[in-house]
There are 2 protein chains.
Amino acid sequence: MTNAEMNFKALLKKMNHYEQALSLMAWDSRTGAPKKSINQRAEAMSTLSSEHFALSISDEMKQAITHLKEDDTLSHVMKRAVEEAEKMYNEHTKIPAEDFKAFVLLQSKAEAAWEEAKERSDFEFFKPYLEELVAFKKRFIGYIGFEDHPYHTLLDDFEPGVFTETLDSVFSELKKHLIPLVKQVTEAETKPETSFLFEHFPKEAQKNLSEAILKTMGYDFDKGRLNETVHPFAIGINPDDVRVTTKYDEHDFRVALLGTIHEGGHALYEQNIDSDLINYSLAKGTSMGIHESQSLFWEKFVGQSYPFWKTNYPVLKEYASGQFDNIDLDTFYYALNEAKPSLIRIEADELTYCLHIILRYELEKELFEEKVNVAELPRRWNEKVEEYLGIQPENDGEGVLQDVHWSSGSFGYFPSYALGLIYAAQLKEAILKDLPNFDELIETNQLHVIQDWLRSHVHQYGKVKKPKDIIHDITGGGIDPQPLIRYLTDKYTKLYNL
Amino acid sequence: MTNAEMNFKALLKKMNHYEQALSLMAWDSRTGAPKKSINQRAEAMSTLSSEHFALSISDEMKQAITHLKEDDTLSHVMKRAVEEAEKMYNEHTKIPAEDFKAFVLLQSKAEAAWEEAKERSDFEFFKPYLEELVAFKKRFIGYIGFEDHPYHTLLDDFEPGVFTETLDSVFSELKKHLIPLVKQVTEAETKPETSFLFEHFPKEAQKNLSEAILKTMGYDFDKGRLNETVHPFAIGINPDDVRVTTKYDEHDFRVALLGTIHEGGHALYEQNIDSDLINYSLAKGTSMGIHESQSLFWEKFVGQSYPFWKTNYPVLKEYASGQFDNIDLDTFYYALNEAKPSLIRIEADELTYCLHIILRYELEKELFEEKVNVAELPRRWNEKVEEYLGIQPENDGEGVLQDVHWSSGSFGYFPSYALGLIYAAQLKEAILKDLPNFDELIETNQLHVIQDWLRSHVHQYGKVKKPKDIIHDITGGGIDPQPLIRYLTDKYTKLYNL
């Protein structure tokens with residue numbers, strides 16, 4: 001390694017240490033930091049963030065990037081590290097500091113306004129903030145520049161290398177199949193009986209169950225811990241310290257159980273990244289979409305699968321308080337996989353979920369193409385919900401105001417959720433080729449074999465492989481909605497006797 | 001405020017934010033951070049510490065100190081901030097970086113060696129490390145310089161402004177009274193019955209009791225939290241975030257109860273420092289000894305007092321499992337205050353505790369006066385234990401090797417423990433003048449009145465007042481062992497019918 005490379009690595013390592021401190025502070029803030037500590041915490045985090053920012057645009061960084069970009073002898077990992085550093089350098093230098101500061105200020109005001117607006121179902125109250133956020137983002141796109149479509153710059157923050165053409169074609173294919181399938185399910189004569197899902201399930205027992213399931217998945221408690229929070233999340237401080245949180249609803253055990261499996265999927269990704277990548281600042285998930293593919297793979301393709309419950313239904317009964325004793329496995333499985341159109345995205349089932357996302361994607365794109373303005377969003381929203389799901393929000397609180405994302409200016413984020421499910425289905429078909437006994441592995445609790453496959457094909461690479469490379473190296477092709485369409489069609493046709 | 005002052009404050013504020021991050025990382029490392037996270041954590045902490053160090057000796061800092069020292073118009077708080085910054089600047093610049101690095105390396109090796117040596121009761125194994133540590137410290141004293149006695153430089157790290165002359169006279173006075181008193185207690189005919197203290201007390205109930213007692217003391221759970229650890233501690237991240245840990249022994253409830261009160265005393269100090277001092281980096285306890293006076297005041301003068309148990313014994317019974325039902329208050333109180341010579345400092349009672357400390361102080365002083373060498377320590381230790389407590393260690397593990405302090409080169413630390421108890425007794429007598437109904441306040445659970453007194457006389461000042469100023473402003477005099485001698489003589493003469 002040349003001196004220039006070593007200096008660059010030392011700089012990345014230092015920046016990573018700031019990131020680790022900031023991640024811990026964020027974790028702590030959400031898992032029991034004292035109420036009155038928030039002001040000081042915010043100030044301390046702001047200082048460390050500023051130092052991190054300063055390093056990312058320092059002369060030393062600029063020189064390192066300029067110098068190393070010319071060097072043909074770099075390893076692939078080092079090349080990726082330079083690319084990522086340059087991307088950050090550009091983002092941090094192209095937006096004028098004053099603008100960025102004003103945007104951060106607007107974000108916090110807008111989030112508070114959104115919370116109030118949602119509470120009161122009052123879109124008019126939020127509208128001016130949203131207009132300003134969109135205007136800021138358009139200006140930022142102007143600073144950063146874009147290829148082909150302004151929305152690409154937004155997508156690049158979450159799913160680098162995925163463009164609107166791909167999304168348009170993938171999503172339109174999904175709509176073509178899912179809208180009629182959802183309609184069929186809605187009109188199906190048989191419906192699952194679900195009341196037993198909502199009987200009392202003591203928190204302590206759910207906690208023990210969550211821990212047991214995480215262990216079965218291969219989550220390493222020597223490199224992580226499970227806590228309780230209002231909004232569950234997983235956070236990777238580094239591959240040796242990846243923490244999961246969950247929430248317990250004593251009248252809906254699915255919240256903790258499926259939530260823990262979901263966050264556990266995120267955590268398995270981060271725990272299994274090659275730790276050599278830490279000092280290149282590449283020991284992170286490569287994109288929102290690939291991250292979500294891991295959580296959704298575990299939640300949907302394992303945790304909601306029939307083979308999983310064939311072996312784990314008796315385990316669930318052990319932890320539960322008798323409510324499942326007279327419910328047979330098929331009835332339970334049907335209930336757990338109930339699908340029906342609903343208004344709230346985060347409560348949606350896997351069948352309808354992508355339609356919620358597509359709706360948001362289409363509106364965002366129209367906004368940035370200036371085909372629709374902010375004032376028209378509620379009407380457009382309601383039209384699309386009706387078109388895709390056959391239902392109507394009663395108010396904007398359960399419509400256009402339901403998600404937090406726009407209130408922080410996070411446009412371009414939503415598509416990653418759907419991509420996650422699409423990727424997961426692609427992975428599932430690829431795994432089946434290597435491990436044709438996939439169902440049997442789940443049934444016999446050999447989840448570690450599946451986890452090993454994910455580790456060697458996805459996890460270990462961190463940010464070294466970009467999302468498209470991950471998918472290409474596994475499937476030989478690109479983003480493909482067909483595996484998801486096949487999966488959903490097959491599963492729900494059978495479940496609902498269509 | 002002048003520009004120079006504002007710049008200096010901004011620099012201190014930034015340094016304080018690093019300290020806050022480091023404190024949180026330290027807290028997390030001791031309260032459930034994943035086992036395998038320690039290496040990365042150590043690296044990240046080392047990076048932040050280095051940045052903090054660099055700021056403390058930066059040109060900006062040097063200029064600020066030089067400039068502000070000449071300014072006669074500074075507020076008292078600002079003056080103290082400059083003094084403290086200069087003290088840190090001198091410490092950090094006088095010791096050559098190479099030496100300091102070698103010392104830090106030695107510390108971690110020596111701690112590991114000490115652990116092994118203690119385990120095996122093998123002083124010879126630890127001896128070379130201890131010799132090197134002492135040699136390093138002597139060299140450091142050479143770099144920093146000293147007034148009158150080399151040991152003063154060591155004391156200055158823990159109890160600035162307290163010198164060997166004071167300690168010699170105070171400790172010799174204590175020995176004169178305590179050695180015979182301990183002998184009388186040892187030979188007393190009546191002894192407390194204590195077996196009921198060791199009956200099973202479920203952890204969950206102890207946890208609830210600990211929380212209840214902390215609330216009664218005035219600990220603010222909106223500015224802190226209680227966790228479980230192997231080695232209990234309190235840590236002030238800032239006055240709005242002061243965390244306490246305790247440990248639960250199901251066969252000795254005193255460990256958690258008195259431990260929580262002790263750490264709660266430390267925490268009340270930090271929670272009640274004027275938060276304006278945060279940005280002067282003065283929102284910390286002013287010395288080890290004053291800190292210990294707060295924990296010991298609460299533990300000994302409140303938590304082990306008769307009035308406290310008059311009102312809290314029924315509370316204890318509620319949380320316990322019946323073991324106290326047939327034990328009357330006087331019997332319980334006598335048991336809780338059992339005093340007898342023992343070998344291990346951290347398990348010693350309040351009557352014998354200072355003798356453990358004086359022994360260590362005398363040996364440290366002899367070491368740095370070169371009157372004794374490291375090889376002679378075990379013999380000298382055992383002679384002194386025999387002389388002060390009338391007992392003999394069976395091996396060095398329960399003798400000279402028992403404490404961790406020397407293994408990290410922390411010479412000069414021990415005296416603060418005894419000073420804490422001396423200060424606490426002085427405070428108690430001073431409080432009695434202002435609050436003659438002290439016992440009644442405790443009995444009627446009006447601890448907040450006592451806490452208010454401590455806040456206004458001690459806590460609020462943080463590092464603005466030095467230890468000697470705190471004591472002087474309260475008592476009108478200096479460090480005085482007589483209140484402690486009066487307290488112990490009175491209490492144990494009565495308890496043991498001497």
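All values reported here derive from a predicted model rather than from experimental measurement. Basis for what follows: all heavy atoms, side chains included, without hydrogens, waters or symmetry-related copies.
- Here B:Y18 is the residue among B:Y18, B:F221, B:W27 with the most heavy-atom pairs under 4.5 Å with chain A.
- B:H17 places none of its side-chain heavy atoms less than 4.5 Å from the side chain of A:S46.
- At a 4.5 Å heavy-atom cutoff, the contact between B:Q40 and chain A is made by backbone and side-chain atoms alike.
- What you find for A:A44 and B:Q20 is that their closest heavy atoms are CB-OE1, 4.2 Å.
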Please report the C-alpha distance between B:D28 and A:D28 in whole Å, then the side-chain angles of each, then the deciding distance to 0.1 Å, and finally whether the side chain to side chain contact (heavy atoms under 4.5 Å, CB included) criterion is met.
CA-CA 9 Å; B:D28 182 72; A:D28 182 72; over 6 Å; no
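- Only the side chain of A:N238 comes within less than 4.5 Å of a heavy atom in chain B; its backbone stays farther off.
- Between chain B and the options A:I237, A:D240, A:I278, A:I38, heavy-atom pairs under 4.5 Å are most frequent for A:D240.
- A salt bridge does not link A:D241 with B:K35: every distance from a Lys NZ or Arg NE/NH1/NH2 to an Asp or Glu carboxylate oxygen is 4.0 Å or more.
- Comment: A:K36 engages B:D220 in a salt bridge, judged by a side-chain N to carboxylate O separation of less than 4.0 angstrom.
- Highest contact tally toward chain A, considering only B:A33, B:S50, B:P239, B:G224, is held by B:G224 [criterion: heavy-atom pairs under 4.5 Å].
- For the pair B:L24/A:L24, a side-chain contact is recorded, criterion being any heavy-atom separation below 4.5 Å from C-beta on.
- In this structure, chain A has no heavy atom under 4.5 Å from any part of B:E19.
- Residue B:F233 qualifies as enclosed at atom CZ: its count of foreign heavy atoms under 6.0 Å is above 12.
- With a 4.5 Å cut-off on non-hydrogen atoms, A:L22 does not touch chain B at all.
- Here the side chains of A:R243 and B:P34 are in contact, with some heavy-atom distance below 4.5 Å.
- Shown here for A:M25 and B:A21, the closest heavy-atom pair between the two residues is CE-CB, 4.0 Å.
- For the pair A:E43/B:K13, a side-chain contact is recorded, criterion being any heavy-atom separation below 4.5 Å from C-beta on.
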